[in-house]
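Everything numeric here is computed off the predicted structure, so don't read it as measured data.
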Amino acid sequence: MDVIIDVFHQYSRREGDRDTLTKTELKLLIEKQLANYLKHVKCSATIDEIMKDLDMNRDAQLSFSEVMLLITRVTIATHEHLHDVENQQQQQHKHQQQHHH
């Protein structure tokens, strides 16, 4: 938990309000912290689309709770991806076992 809060503040303190993310700060956070994970999100959206989607109160900034929506979605997508990989590996293993008999 502390890591998520610390990472949020590393980016939120760069410009504007110290406790919200601007679009520029969001873009940096995504590029530096979430790039590997966003590969698993099936519909890849642009920064503008992500910002618009998360900005519940339409103030052109993202609060911590608004950013947590993104973190939650990415975490769920990554979790599902890990299960997909696991299932593929099990299928390959079964397939290989069938050929060894």
Side-chain angles (χ1 to χ4, degrees):
M1 293 297 155
D2 291 350
V3 172
I4 294 171
I5 295 166
D6 289 346
V7 167
F8 176 82
H9 284 133
Q10 281 175 33
Y11 294 89
S12 70
R13 294 189 170 145
R14 292 171 186 242
E15 60 182 35
D17 188 320
R18 292 172 55 80
D19 216 30
T20 61
L21 292 180
T22 63
K23 190 190 299 183
T24 306
E25 290 167 333
L26 174 67
K27 185 173 190 286
L28 266 177
L29 184 145
I30 288 172
E31 288 171 353
K32 303 281 188 217
Q33 302 294 328
L34 298 177
N36 289 339
Y37 301 102
L38 283 175
K39 289 187 296 203
H40 310 310
V41 178
K42 286 173 179 60
C43 57
S44 57
T46 65
I47 297 294
D48 285 336
E49 290 167 335
I50 292 170
M51 183 84 182
K52 188 176 173 197
D53 188 40
L54 298 175
D55 188 12
M56 296 298 175
N57 63 357
R58 303 285 176 244
D59 65 352
Q61 301 179 73
L62 297 181
S63 67
F64 183 75
S65 58
E66 288 170 330
V67 172
M68 283 307 297
L69 296 171
L70 175 64
I71 304 294
T72 303
R73 288 178 196 156
V74 172
T75 304
I76 291 168
T78 301
H79 178 248
E80 289 169 357
H81 172 75
L82 291 175
H83 281 295
D84 290 346
V85 169
E86 196 175 79
N87 291 340
Q88 288 169 358
Q89 288 170 344
Q90 287 174 350
Q91 291 301 322
Q92 287 172 347
H93 185 70
K94 283 180 188 170
H95 186 72
Q96 287 170 348
Q97 283 180 332
Q98 289 169 354
H99 287 287
H100 288 296
H101 292 291

- Query: What's the verdict on side-chain contact (heavy atoms from CB on, under 4.5 Å) for I50 and K27, showing C-alpha distance, side-chain angles and the deciding distance?
  - Reply: CA-CA 10 Å; I50 292 170; K27 185 173 190 286; over 6 Å; no
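Closest heavy-atom contact between V74 and Y37: CG1-CB, 3.3 Å. The two residues D55 and D59 come nearest to each other via the heavy atoms OD1-OD1, 3.0 Å. M51 and A60 get closest at one heavy-atom pair: CE-O, 3.2 Å.
When side chains are defined from C-beta on, L54 does not count as touching V67, because their heavy atoms never get closer than 4.5 Å. Looking only at side-chain heavy atoms (C-beta outward), N57 and E66 come within less than 4.5 Å of each other. Side-chain atoms of L21 and F64, non-hydrogen and from C-beta on, never get closer than 4.5 Å to each other. Contact annotation: the side chain of R14 never approaches that of T24 to less than 4.5 Å [non-hydrogen atoms, C-beta and beyond].
Note that CD of E31 and CG of L26 are 9.5 Å apart. Values are rounded to the nearest 0.5 Å. Between the CG atom in L82 and the CD atom in E80 there is a gap of 10.0 Å [rounded to 0.5 Å]. Distance CD1/I5 to CE/M68: 8.5 Å, rounded to 0.5 Å. Separating the OH atom in Y11 from the CG atom in L28 is a distance of 6.5 Å, to the nearest 0.5 Å. The structure places CZ of R73 at 13.5 Å from OG1 of T78, a figure rounded to the nearest 0.5 Å. Here the straight-line distance linking atom CD of E25 with atom CZ of R13 works out to 11.0 Å at 0.5 Å rounding.
Using a distance-only test at 3.5 Å, with no hydrogens or angles considered, no donor-acceptor pair links the side chain of T20 to the main chain of S63.
Atom NE2 of H79 is surrounded by 12 or fewer heavy atoms from other residues, nucleotides or ligands within 6.0 Å.
A single hydrophobic cluster is not seen to contain both I76 and L70; linkage of ILVMFWY side chains at heavy-atom distances under 4.5 Å, directly or through other members, places them apart.
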